[in-house]
Amino acid sequence: MSAFANAKWIFAGDAAPIVDRYYDYRQSFSVSGSSTLLHISAHTNYAVYVNGVFVDCGQLPDMPGRLVYDTLDISRFVHPGENLLEVTQHVTGEAFMTTTVQEPGVIFAIWDGETVAAVSSEQTLSGRNLRYLSNGEKLTIQLGFNFNYDANGGDTVFTPSVIADKPYALIPRPIKKLKIGQCQAGKLLSQGVFLENDPSLPKSQRMQTAYLSSVPKKKMITETDDGFAWKLPEDRRADGGYFLFDLEGETIGYPQLVLEADGPTEVLVGFGEHLEDLRVRSSCGYRHFCFRYVAKPGENLFFHPFRRLGLKFMQLHIYGSSGKIRQVGILPTRYPMEPKPMPVTDGLHKRIWQVASKTLNLCMQDYFCDCVWREQAMYAYDGRMEMLASYYGFHAPEFNRESLRICAQNLRPEGFLEICAPGTEGSLVPSYSAVYLRGVWEYTQYTGDESLAREIFSVLKTIAEHFSSRIRENHLIPMYPGAGYWHFYEWQPGMDGKLWGTTTREVITAEDYDMPMNAFVADGLDCFGDLCERLGIPEADTYRERSRRMKQAMHKAFYREAFGGYASRIGDAEPRHEVSQGFMLYLDAVPEECRKGVEALIKEKKLLETTLGLSVYTYEGLLRDPENREFVLRDVERRWGWMLQKGADTFWETERGPADFGGAGDLCQGWSAIPLYLFGHYKLGQYSPPRM
C-alpha cells in the first residue's frame, strides 16, 4: 500500500443491483509543479481526466485475489496550485468472458514528488453519470454491453463517497499500458437516406433492417474545411441520413464522433469488418454491433474510452434533416513492443509476414485476444498459437507471461481451466487445459524464464494429475460426459463438438473416445514431464511414460489400415479429418512403416482440411520429415495467399471468412498469424524452389 499511502477504496454509493452503470468522481488537489504521479485502480474500468483534459484509461482486467493498479504520469496535465482530478468509472456488474464480477470501487493516490497531494476517501465527491442510459443490449457474450449516451442528460449530482469493501493488496500492472494513438479518421464511402423499419427493435436491428437509398454526394453534402455539412434532399421521404465510413484497414481502438446538430438528435453507430450486406453488419443473431448517441444542439464531441472496437467500417444513421460531421473515427490502441526482423525476401512471403504481424499486433490488447471484432477474449487454446507466432514476430515476453498467468488464476474445482480468462463462459473445453501445459512449456523454452512455471506449478500439476486420473486401462482418456463439457478442437464438422452436420452441441452419454482429446493430453503430459525435468522435479519420467503409452494406444485404437490413416472417433470406419493425421505425425506416434501413407493422405487433400489455427499441428507433423518442406510452403502460399487475393489486410478466423458462424466470422483472428512461426522457426521463407 505504499503507493496509495492512506487512500481508501471508495464508491459512489448507488443502490444495488449495479449493472452496466457509469459513475463520476472529483478530487481537488494542489501541487508544486514537480513530477506528479497518479496511482489508480478501479472495477470494472476507468477513464482519467485532469483539469478537463483526457489523460488515459483502461483498467487491466483482473481477478479477486490479485488486483492490479496503474501508475500514470500526469505532470504535463497539472499546473502549480489547485488542480482537479476527474475519474469516470464503468461497472459491468455481470460476468462475461472478458470480465469478472467484483465489488465495485475506485482507489487512487496523487503524489507531488515525494509528497502525497491527495487520496481517495469519504471526502471525494462522486455520483452516477446520468448521461449513460440504462442499456440491456450486449455486443456479444464475450465483450459485454454496448451503450447508450444522451448528451442532453442531466449533470452528475455529487455527494461524498462511501467506503467500498475491497482488499488493499494491489500489485502494479505487470505489462505495459496500451498506447492510444491519434484519431484514425474514417473516409466517407457512401451516403444517402434511410427509413426506419421497426423502431421497437434493438438498435442494432434497427440499423440492419432500415431501408437505405443512396443519394449522390453533390445532392446531399457540402464539403467544408473541417468536415462536411449535410442536408436531406427534399424529394426523398426519409427518417434521416446514413453515412458509411471506411477506416481504410482493420483497426482496434476507442470510438470518437465530432459533429454538429440542430437540436437533440438520435445517432445510431454500427461497426463491422466488411460490407457483404452492402452496409455494416450491425446485427448478427444475438450479437449487437451498435451503440446509440443522442446529440445535443450545437457542437458534439463524443469519446467512449470504455470499449475498444475492432472494425474496418463505421455506419451512422442520424435521425434529422441536416447537420455537420467533422470526424468519425477510432483512437487506435496498440501494445508497445519491439518487432523482430522479417526473415523472408520473396514478395508473397513478405506480404504474408506483414499481414500476419498486423493481425497479431491488433490481437495483443489487455491479453492475447482471439479476434478483435466479436470477442477480444484470452483463450488458453488460441493463445498458445498466438504466443508461438509472437516468439518470432515480436519481443514482448512479459505480455506472454501475463497472458498465461491470468489463465492459471481461473482454475476450476474439476481440475480444468475456465474456457477463457479472466471471465467465464459456463461450459468447459477439456482440450484447452491440455494445450495450456504446452503453452507454459513453450514460454519457458523460448524465454528461459522459469519463474512462471514455478509460480503456477501447483496449477499445472493439478491439470496433469486430473488428466492422468482419467486414463483407462487401455491407456486412453474417454470423452467427458454431460452437458457441461464441450469437445471442441477446430471449426470443422466432427471437430467442433457438435452433432455432425448440425449446430447442436453434442452431449456424451456413454463412454466414447476421440483422437484429438487424447492427442492433446498426451502432448500436454509430455510437456509437463519436460517441464518437471527442467525444474528439477523427479516426477518427469512418470508423466512422459504415461504420454508414451497413450501414443501407442492411440495408434492401435484409431489407425485404419485399409485407408492408411487415422480415424477421429473410435467408431469411425475411416479417416475423415486431415488434422487427425497431423496430430499423430506431430506426436511422433506414427510407426515408421505407416508414416509415408499418413503423409500422403494429408497431401491428397481429400479429407476435411485443417483450419487455419490448427494448421500448425498438421504442418509441424509433416515437417518432421524435411522432404515435406516444399509441400508445406506451397500450402501456406495457397491458403494465406488466397486471403490476400480477397483483399485481406489481416488474416481471418477461418477461410470461410464473414460467412462463417452464422454470418459472424471474424476477419482478424490471432491464431491465423501462425506463418510467423513457420517462416521464423522452420525458415520456410528461405526455402523457395521455383513455383510450378
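These numbers were taken from a predicted model, which means no experiment stands behind them.
Residues L60 and P174 meet the side-chain proximity criterion, which asks for heavy atoms closer than 4.5 Å. The shortest side-chain heavy-atom distance between H90 and Y132 does not fall under the 4.5 Å cut-off. Under the 4.5 Å side-chain criterion, counting only non-hydrogen atoms from C-beta, V48 is in contact with L85. Proximity of F399 to Y335: side-chain heavy atoms (C-beta onward) are separated by under 4.5 Å at one or more points. Proximity of V87 to D24: side-chain heavy atoms (C-beta onward) are nowhere separated by under 4.5 Å. Within the 4.5 Å cutoff, the side chain of E653 has heavy atoms near those of the R374 side chain. No side-chain heavy atom of Q89 sits under 4.5 Å from any side-chain heavy atom of N45. The closest side-chain heavy-atom distance from D526 to W441 is not below 4.5 Å.
Remark: H466 engages F416, Y480 in a ring pair (Phe, Tyr, Trp, His ring centres under 6.0 Å) (not counting sequence neighbours). Residues passing the salt bridge (charged side-chain N to carboxylate O under 4.0 Å, His left out) test with R405, sequence neighbours excluded: E402. With sequence neighbours left out, E442 forms a salt bridge (charged side-chain N to carboxylate O under 4.0 Å, His left out) with R384, R438. Residues passing the ring pair (Phe, Tyr, Trp, His ring centres under 6.0 Å) test with Y432, sequence neighbours excluded: Y381. Checked against salt bridge (charged side-chain N to carboxylate O under 4.0 Å, His left out), R26 has the following partners two or more places apart in sequence or in another chain: E86. Legend: residues meeting salt bridge (charged side-chain N to carboxylate O under 4.0 Å, His left out) with D73, ordered by chain and number and at least two apart, are absent.
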Practice prompt. Given side-chain hydrogen bond (donor to acceptor under 3.5 Å, both in side chains), test T251 with Q184 step by step and report yes or no.
Written response: CA-CA 9 Å; T251 190; Q184 182 177 335; 3.1 Å; yes

Discussion item. Applying side-chain contact (heavy atoms from CB on, under 4.5 Å) to Y22 and R128, what does each step give before you reach the verdict?
Written reply: CA-CA 6 Å; Y22 294 78; R128 183 176 175 185; over 6 Å; no

Worksheet item: Hey, mind stepping through E250 and K358 against salt bridge (charged side-chain N to carboxylate O under 4.0 Å, His left out) and telling me if it holds?
Response: CA-CA 9 Å; E250 185 84 34; K358 179 181 178 182; over 6 Å; no

Discussion item. Could you walk me through whether Y25 and F11 satisfy the side-chain contact (heavy atoms from CB on, under 4.5 Å) test, starting with their C-alpha distance in whole Å, then the side-chain angles of each, then the deciding distance to 0.1 Å, before giving a yes or no?
Written reply: CA-CA 9 Å; Y25 298 80; F11 189 55; 3.3 Å; yes

Worksheet item: side-chain hydrogen bond (donor to acceptor under 3.5 Å, both in side chains) between D382 and Q669: does it pass, once the steps are laid out?
Response: CA-CA 9 Å; D382 305 52; Q669 166 43 293; 3.3 Å; yes

Fill in: Criterion side-chain contact (heavy atoms from CB on, under 4.5 Å) on I40 and I107, from CA distance to verdict
CA-CA 6 Å; I40 185 169; I107 188 171; over 6 Å; no

Discussion item. Does F145 form a side-chain contact (heavy atoms from CB on, under 4.5 Å) with L139? I'd like the steps, not just the answer.
Written reply: CA-CA 5 Å; F145 298 104; L139 286 167; over 6 Å; no

Item to complete: Start with the C-alpha distance between T447 and N400, add both sets of side-chain angles, then the distance that settles side-chain hydrogen bond (donor to acceptor under 3.5 Å, both in side chains), and finish with yes or no.
Response: CA-CA 10 Å; T447 67; N400 295 30; over 6 Å; no

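E273 contributes a side-chain N or O that, together with a main-chain N or O of L667, makes up a donor-acceptor pair within less than 3.5 Å. A donor-acceptor pair under 3.5 Å links the side-chain atoms of K340 to the main chain of Y391, judged by distance alone. With W9 contributing its side chain and P167 its backbone, the two residues share a donor-acceptor pair below 3.5 Å. Of the possible donor and acceptor atoms, none in the side chain of N83 sits under 3.5 Å from a partner among the backbone N and O of V78. Distance alone, capped at 3.5 Å, is enough to place a donor-acceptor pair between the Q376 side chain and the V372 backbone. Judged by distance alone, with hydrogens and angles left aside, the side-chain atoms of S390 form no donor-acceptor pair with the main-chain N or O of G393 at under 3.5 Å. Without hydrogens or angle criteria, Q102 side chain to D62 main chain gives a donor-acceptor distance under 3.5 Å. Listed for the R334 side chain is a donor-acceptor partner under 3.5 Å among the backbone atoms of I252. Side-chain atoms of N135 come within 3.5 Å of backbone atoms of N146 as a donor-acceptor pair (strictly under, hydrogens ignored). In terms of modelled atom types and a separation under 3.5 Å, the side chain of Y436 and the main chain of L404 share a donor-acceptor contact.
A salt bridge between E122 and K8 is present, with a side-chain N of the basic residue lying under 4.0 Å from a carboxylate O of the acidic one. Here D366 pairs with R308 in a salt bridge; the nearest charged N to carboxylate O distance falls below 4.0 Å. Contact check on R287 versus E375 returns no salt bridge, with no Lys/Arg side-chain nitrogen under 4.0 Å from an Asp/Glu carboxylate oxygen. Salt bridge annotation for D70-R173: present, with a cationic side-chain nitrogen under 4.0 angstrom from a carboxylate oxygen. Electrostatic pairing of E414 and R470 does not count as a salt bridge here, judged by no charged N lying under 4.0 Å from a carboxylate O. Using a 4.0 Å cut-off between a side-chain N of Lys or Arg and a carboxylate O of Asp or Glu, R454 and E450 qualify as a salt bridge.
In this structure, a donor-acceptor pair under 3.5 Å is absent between the side chains of T92 and E94. Between the side chains of S161 and S126, at least one donor N or O lies within less than 3.5 Å of an accepting N or O. With no hydrogens or angles considered, no side-chain donor-acceptor pair links T156 and N129 at under 3.5 Å. Donor-acceptor pairing under 3.5 Å is lacking for the side chains of E418 and T424. For the residue pair Y446 and Y392, a side-chain donor N or O sits within less than 3.5 Å of a side-chain acceptor on the partner. Looking only at atom types and distance, the side chain of T333 has a donor-acceptor partner in the side chain of Q365 under 3.5 Å away. For R76 and T36, the side-chain atoms include no donor-acceptor pair closer than 3.5 Å.
Ring-centre distance between F54 and Y254: not below the 6.0 Å cut-off. Taking the six-membered ring wherever Trp is involved, the centroid distance between the rings of F467 and Y543 does not fall below 6.0 Å. Aromatic pair F147/H304: centroids less than 6.0 angstrom apart.
For the side chain to side chain contact (heavy atoms under 4.5 Å, CB included) criterion with L38, the lone passing option out of W111, F108, F77 is F108. F528 pairs in a side chain to side chain contact (heavy atoms under 4.5 Å, CB included) with only one of the listed residues (D523, I537, L460, T542), which is L460.
Ring pair Y485/H487 is tilted by interplanar angle, where 30° to 60° counts as tilted. The aromatic rings of F302 and F291 lie tilted to each other, with the angle between the two planes from 30° to 60°. Taking the six-membered ring for Trp and thresholds of 30 and 60 degrees, Y293 and Y149 have nearly parallel ring planes, at less than 30 degrees apart.
Applying the 6.0 Å contact sphere to NE2 of H79 captures more than 12 heavy atoms from other residues, nucleotides or ligands.
A pairwise comparison of heavy atoms in T444 and A453 identifies OG1-CB, 4.1 Å as the closest pair.
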